[in-house]
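Quick notes on the structure that follows.
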Amino acid sequence: METKIRKADRKESFQEAAKILQQGGLVAFPTETVYGLGGNALDGEVAKKIYEAKGRPADNPLIVHIAKKRELLALAEYVPERAWILAEHFWPGPLTMILPKSKKVPYGTTGGLETVAVRMPNHPVALRLIQESGIYIAAPSANISGRPSATMAEHVIEDFQGRIDMVLDGGMVNMGIESTVLDLTEEVPVILRPGCVTKEMLEEVLGEIVTDQAILPENKDKPLQPKAPGMKYKHYAPKAELTIVTGEAEKVQQTINQRITDNLDKGLKTGVITTVENQEMYVGGVVRCIGSREEEGTIARGLYKVLREFDHLQVDCIYAESFIEDSMGEAIMNRLQKAAGYAILQV
Ligand code: AMP
Ligand code: MG
């Protein structure tokens with residue numbers, strides 16, 4: 001299959017993309033979080049195609065993207081008051097709500113579940129595509145299952161050239177980390193996946209919020225089943241083994257430098273994930289800076305790009321500094337820990 005690559009700066013690109021979606025094809029497009037791999041959410045056969053293209057297990061449901069808040073009514077069997085309140089505060093934006101699904105939504109899209117995940121993205125390209133096509137777009141992150149999510153069209157092309165109908169290139173995304181997933185089917189809403197809409201932000205609006213215990217790193221060895229099926233899979237992983245080094249900054253740097261030296265002796269190449277503040281501290285490794293600690297947003301934005309870059313640099317192993325797990329840091333560490341398969345070195 002030829003994958004058309006079109007810049008999202010002209011009318012014709014949207015017309016072409018809309019037509020593909022209407023005919024049951026797949027179009028990757030930017031959102032403010034990461035690129036999505038989109039198809040008609042109300043067509044179970046299209047959902048199958050999405051799973052197949054991604055190599056995604058069919059029990060891992062897709063998020064449905066809408067362009068107007070009231071479109072929730074078409075997808076959810078019932079919309080509780082608190083969903084409207086959240087939509088008022090956070091939509092368009094990086095918050096996905098889980099609600100009981102309406103009959104229109106096929107089980108293909110929900111991975112067999114009675115619930116549906118819905119989000120209104122805050123990106124002009126995504127919103128225009130949904131509106132122009134008149135289609136509710138099911139769009140998981142546009143990466144081959146298990147790989148780091150795509151934050152640029154180039155990443156999507158790397159994974160899907162020849163496997164999907166079109167990539168709509170809208171440049172680099174703004175946030176770089178997937179949406180917060182919030183389950184509203186429980187009495188107390190549950191965070192199933194942390195994201196840029198933080199627990200504190202949700203609590204300010206709704207009161208008590210809990211986090212799914214199964215996704216916390218301290219419970220990784222307990223036999224708990226995450227409520228978001230996607231959270232049980234290894235994810236975001238670069239090809240080389242990744243270890244997070246945590247502890248006092250100076251000790252972290254010493255440890256990583258020692259590993260770099262030991263590896264050099266063995267003829268191995270070591271990648272280092274660091275920040276603007278610390279990048280001068282490492283000697284002899286392949287050092288990549290993901291952003292600034294002063295501005296957590298830059299770290300979220302740079303994470304997947306750097307993980308993918310290391311695949312091209314063919315390093316033998318990667319060490320990453322760790323980040324404080326406050327507000328947005330929680331989402332950053334969640335992704336980094338999963339990418340590392342929870343390999344964490346405390347120094
Ligand atoms: P992605 O599409 O790659 O951003 O991943 C979507 C995430 O939302 C995955 O972790 C899914 O398992 C989760 N998800 C989607 N729909 C549901 C649902 N109905 N119930 C629980 N989790 C869901
Ligand atoms: Mg994903």
Side-chain angles (χ1 to χ4, degrees), residues 26 28-39 41 46-47 49-51 53-66 72 75-78 83 93-102 104-121 123 126 136-151 155-156 159-160 173 175-186 189-197 211-212 214-215 224-237 300 303-304 307-308 331 334-336 338-339:
L26 304 186
F29 62 97
T31 77
E32 81 278 32
T33 58
V34 297
Y35 270 74
L37 174 57
V46 171
K49 272 203 226 173
I50 295 177
Y51 286 111
K54 271 183 69 89
R56 179 165 173 143
D59 71 341
N60 187 1
L62 310 174
I63 295 173
V64 183
H65 294 70
I66 58 177
L72 245 186
L75 300 167
E77 180 63 31
Y78 160 75
L95 174 68
T96 297
M97 298 191 226
I98 309 286
L99 294 165
K101 82 170 191 69
S102 75
K104 275 192 202 157
V105 184
Y107 288 111
T109 297
T110 69
L113 299 176
E114 293 297 339
T115 52
V116 63
V118 187
R119 178 168 105 83
M120 178 178 169
H123 195 290
Y136 305 131
I137 305 180
S141 53
N143 53 280
I144 297 288
S145 201
R147 294 211 67 209
S149 301
T151 53
H155 299 160
V156 182
D159 282 14
F160 291 108
V173 301
M175 305 197 112
I177 279 192
E178 302 83 349
S179 60
T180 305
V181 177
L182 185 71
D183 184 359
L184 290 176
T185 66
E186 303 277 349
V190 190
I191 294 178
L192 306 187
R193 174 174 76 181
C196 292
V197 173
T211 301
D212 183 5
I215 66 167
L224 299 171
Q225 197 61 251
K227 242 197 118 185
M231 297 300 278
K232 67 177 179 256
Y233 297 107
K234 186 170 175 181
H235 221 147
Y236 320 119
L303 178 63
Y304 292 136
L307 291 178
R308 280 184 177 256
N334 170 270
R335 306 308 192 272
L336 197 57
K338 282 180 71 92

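Both ligands and their constituent atoms are indexed starting at 1 by order of listing. Excluded from the calculations below are hydrogen atoms, water molecules and symmetry mates; all remaining heavy atoms, backbone and side chain alike, are included. Residue numbers count from 1 along this sequence.
Atom 23 (C) of ligand 1 has its nearest heavy-atom neighbour, among Pro61, Ser145, Gly36, in Pro61. Among Glu114, Arg56, Lys227, Met231, the residue whose heavy atom lies closest to atom 21 (C) of ligand 1 is Lys227.
Looking at atom 3 (O) of ligand 1, its nearest protein heavy atom turns out to be Ser141 OG, 3.0 Å. Ranking protein heavy atoms by distance to atom 8 (O) of ligand 1, first place goes to Val181 CG2, 3.9 Å. The protein heavy atom nearest to atom 18 (C) of ligand 1 is Ile98 CD1, 3.5 Å. Nearest protein heavy-atom neighbour of atom 13 (C) of ligand 1: Ala228 CB, 3.9 Å. In terms of protein heavy atoms, atom 10 (O) of ligand 1 is closest to Gly230 CA, 3.3 Å. Nearest protein neighbour of atom 2 (O) of ligand 1, counting heavy atoms only, is Pro140 CA, 3.0 Å.
Listed here is the closest heavy atom pair of Asp59 and Pro61: O-CD, 3.2 Å. The two residues Ser145 and Pro57 make their nearest non-hydrogen contact at OG-CD, 3.8 Å. Closest heavy-atom contact between His155 and Ser149: ND1-O, 4.4 Å. Closest approach of Ala53 to Ile144, counting heavy atoms only: O-CD1, 3.6 Å. Of all heavy-atom pairs spanning Ile66 and Val118, the tightest one is CD1-CG1, 3.8 Å. Closest non-hydrogen pair, Ile50 versus Leu37, comes out as CD1-O, 4.0 Å.
With rounding to the nearest 0.5 angstrom, the CZ atom of Phe29 is 4.5 Å from the CD1 atom of Ile137.
Only the side chain of Leu192 comes within 4.0 Å of ligand 1, judged by heavy-atom distances. When heavy-atom distances to ligand 1 are checked against a 4.0 Å cut-off, Thr110 has no atom that comes that close, whether in backbone or side chain.
With sequence neighbours excluded, the residues satisfying side chain to side chain donor-acceptor pair (under 3.5 Å) with Arg119 are Thr31, Glu32, Thr33. Judged as a side chain to side chain donor-acceptor pair (under 3.5 Å), and not counting sequence neighbours, Tyr78 has no contacts. Shown here are the salt bridge (Lys or Arg N to Asp or Glu O under 4.0 Å) partners of Asp183, two or more places apart in sequence or in another chain: Lys227.
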* Stepwise, does the side chain to side chain contact (heavy atoms under 4.5 Å, CB included) test hold for Glu114 with Glu77? -> CA-CA 10 Å; Glu114 293 297 339; Glu77 180 63 31; over 6 Å; no

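Only one option out of Ile215, Leu192, Asp212 pairs with Met231 in a side-chain contact (heavy atoms from CB on, under 4.5 Å); it is Ile215.
Distances between N or O atoms of Arg193 and those of ligand 1 include at least one value under 3.5 Å. For ligand 1, one of its N or O atoms has an N or O atom of Thr115 under 3.5 Å away. Polar contact check, Leu113 against ligand 1: no nitrogen or oxygen pair lies under 3.5 Å apart.
With ligand atoms numbered from 1 in the order given, ligand 1 contributes 9 (C), 11 (C), 12 (O) to contacts under 4.0 Å with heavy atoms of Asn60.
Excluding waters, the set of protein N, O or S atoms lying under 2.8 Å from the Mg ion (ligand 2) comprises Ser141 OG.
Taking the side chain as every heavy atom from C-beta outward, Tyr236 and Leu336 never approach each other to under 4.5 Å.
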